[in-house]
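Remarks on the structure that follows.
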There are 2 protein chains.
Amino acid sequence: MNEKEISLAVIKRLPRYYRYLGELMENDVVRISSKELSERMKVTASQIRQDLNNFGGFGQQGYGYNVEYLYTEIGKILGLDRRYNVVIVGAGNLGQALANYTDFEKRGFMVTGLFDVNPRLIGMTIRGIEVRLVDELEEFVKSHNVDIAALTLPKAKAPGVAADLVKWGVRGIWNFAPTDLNLPSDIVVENVHLAESLMRVSYNLKNREWEHEI
Amino acid sequence: MNEKEISLAVIKRLPRYYRYLGELMENDVVRISSKELSERMKVTASQIRQDLNNFGGFGQQGYGYNVEYLYTEIGKILGLDRRYNVVIVGAGNLGQALANYTDFEKRGFMVTGLFDVNPRLIGMTIRGIEVRLVDELEEFVKSHNVDIAALTLPKAKAPGVAADLVKWGVRGIWNFAPTDLNLPSDIVVENVHLAESLMRVSYNLKNREWEHEI
DNA sequence: TAGATTGTTAATCGATTAACAATC
DNA sequence: TAGATTGTTAATCGATTAACAATC
């Protein structure tokens with residue numbers, strides 16, 4: 001079951017393929033060639049074919065790719081053919097925003113718990129999900145088969161909570177706190193560092209002008 | 001002024017260096033060698049030295065790097081030595097979350113305007129910033145020297161609003177809508193595609209187990 | 001001065017692109 | 001069948017790592 005290792009670069013591109021194929025489906029496009037997809041996505045056709053062939057031959061010579069089939073297959077590769085129970089730890093603005101984002105449920109990510117340290121928020125509900133005190137997190141995680149925890153809490157608390165969650169059985173951490181979590185290598189950590197993203201904007205604003213001159 | 005082109009990989013690492021140096025400063029660490037920093041950050045010392053030397057020689061043989069000096073210099077490289085006016089278009093949960101995030105102001109990103117199409121939100125204030133109707137966006141952008149616009153609105157509206165903003169003079173777009181914006185190459189677009197980030201979690205949850213066996 | 005560590009060149013590794021034979 | 005386009009190998013390009021002379 002462990003063929004060649006798939007590179008991170010490839011994995012990062014898969015969700016974007018998936019998105020484009022979904023849009024093609026919405027527009028009732030039945031087939032597409034790597035060349036046409038490459039033009040829409042502004043990547044090379046070669047890269048698309050190489051990327052897909054890491055996982056199998058999904059196309060047909062002389063025809064191209066069936067959009068719906070490829071969409072489904074990439075969905076399976078991404079693990080979107082099942083459901084995930086997600087808890088959100090930190091029910092501030094960002095935690096609430098994530099809880100309200102219905103697009104995640106469409107992809108199988110079900111928010112089942114919302115936790116906060118602030119007693120004032122307790123009892124409040126977001127899309128039917130009650131905010132619970134973080135004291136109840138252990139009990140909840142152990143009894144609800146939680147796959148993924150989104151950490152939308154202050155930086156100082158993130159590493160401790162993450163370690164606890166892992167101890168209680170959570171294997172995926174979606175970390176929004178501006179810090180690195182040092183967890184065992186079998187735990188999946190995906191960081192969303194918004195401040196760093198914003199710094200890339202300022203860097204590029206400073207350096208974009210002269211790119212004209214090249 | 002246009003020396004060698006800096007690779008995207010390097011640029012993406014700069015904010016992380018900046019964060020680690022900031023933490024070292026908080027802990028009153030005065031100097032650090034590339035070797036020690038590499039151990040903390042889990043990258044190679046060679047990469048740190050290569051990355052930094054794209055911008056100049058910030059260290060000293062036999063000594064290492066002065067933490068505060070390097071922090072300041074990387075800050076300058078990232079364009080953090082000035083202020084940026086930011087507007088947020090879309091005052092839903094995510095837009096509100098960004099408006100509330102005080103860390104951005106510490107780095108010089110000042111949220112000066114918050115806009116929405118929903119008349120119910122108008123008049124509401126977040127950290128002193130009043131939510132305005134999106135109809136006022138053109139007038140506001142043209143008169144307030146807006147550097148960056150965060151787009152936290154539905155996918156369908158994002159490309160149109162982005163094109164308008166660019167027309168009105170905004171040069172940096174921080175896009176949270178799950179779509180690609182095709183804008184002129186002198187415009188800085190930084191995408192934060194949360195759904196894609198979450199899909200990488202599910203991909204890795206599916207594929208992480210057997211990495212033990214390697 | 002001797003020791004430490006940078007700045008930088010050279011070697012290696014990996015990812016992207018190009019090319020084309022296979023085949024639908 | 002002829003044309004189109006994949007799957008895949010080979011060539012190129014770029015990024016990372018290793019090595020070491022320069023030098024503080």
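The sequence lines fix the lettering, A, B, ..., with proteins before strands; numbering per chain opens at 1. Note that the structure is predicted; figures quoted are calculated from it, not measured.
- Ion pairing between a basic and an acidic side chain is recognised when a charged N comes within 4.0 Å of a carboxylate O; Arg31(A) and Glu36(A) show no such pairing.
- The side chain of Asn53(B) has dT8(C) as its nearest neighbour among dT8(C), dT23(D), dG7(D).
- The distance from atom CG of Leu37(A) to atom P of dG7(D) is 13 Å, rounded to the nearest whole Å.
- In this structure, Gln61(B) atom CD and dT23(D) atom C1' are separated by 5 Å, rounded to whole Å.
- At the heavy-atom level, Ser7(A) lies under 4.0 Å from the strands shown only through sugar-phosphate atoms.
- Between Thr44(A) and dT17(C) there is a side-chain N or O to OP1 or OP2 distance below 4.0 Å.
- Following rounding to the nearest Å, Leu8(B) (CG) and dA15(C) (P) show an atom-to-atom distance of 15 Å.
- Using cut-offs of 30° and 60° on the angle between ring planes, the pair Tyr18(B) and Tyr71(B) is parallel.
- Using a cut-off of 4.0 Å between Lys/Arg side-chain N and Asp/Glu carboxylate O, Arg13(B) and Asp51(B) are scored as salt-bridged.
- A sub-4.0 Å separation between OP1 or OP2 of dT16(D) and a side-chain N or O of Arg13(B) is present.
- OP1 or OP2 of dT6(C) has at least one side-chain nitrogen or oxygen of Ser34(B) nearer than 4.0 Å.
- The ring of Phe104(B) has its center closer than 6.0 angstrom to the ring center of Tyr101(B).
- The residue among Lys35(B) and Ala9(A) whose nearest nucleotide of DNA chain C lies closer to the 5′ end is Lys35(B).
- Residues Trp174(B) and Tyr84(B) place their aromatic rings such that the two centres sit no closer than 6.0 Å.
- Within the nucleic acid shown, Ser33(A) comes within 4.0 Å of sugar-phosphate atoms alone, with no base atom in reach, counting heavy atoms only.
- For the helix from dG3(C)-dC24(D) to dC24(C)-dG3(D), the terminal axes (five pairs an end, C1' atoms, rotation from four pairs onto the next four) enclose an angle of 20°, given to 10 degrees.
- At dT16(C), none of the side-chain N or O atoms of Arg49(A) fall inside 4.0 Å of OP1 or OP2 (strictly under the cut-off).
- Contact annotation: Tyr65(A) side-chain N/O to dA4(D) OP1/OP2 distance is not under 4.0 Å.
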Would Phe55(A) and Ile6(A) count as a side chain to side chain contact (heavy atoms under 4.5 Å, CB included) here? Give the steps. CA-CA 9 Å; Phe55(A) 303 98; Ile6(A) 309 295; 3.8 Å; yes
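- Contact annotation: side chain of Gln50(A) to base of dT17(C), donor-acceptor pair present below 3.5 Å.
- Going from atom CG of Asp51(A) over to atom C1' of dT17(C) covers 12 Å, rounded to whole Å.
- With DNA chain D read from its 5' end, the first of the two nearest nucleotides for Ser46(A) and Tyr63(A) is the one closest to Tyr63(A).
- Atom CD1 of Ile32(A) and atom C1' of dA4(D) are 15 Å apart (whole Å).
- A salt bridge links Arg127(A) to Glu105(A): at least one charged side-chain nitrogen sits closer than 4.0 Å to a carboxylate oxygen.
- Checked by atom type and distance alone, the side chain of Asp116(A) pairs as donor or acceptor with a backbone atom of Asn118(A) at under 3.5 Å.
- If you take CD of Gln47(B) and C1' of dC13(C), they are 13 Å apart, rounded to a whole angstrom.
- The distance from atom NZ of Lys42(A) to atom P of dT17(C) is 16 Å, rounded to the nearest whole Å.
- Rounded to whole Å, atom P of dT17(D) lies 13 Å from atom CE of Met41(B).
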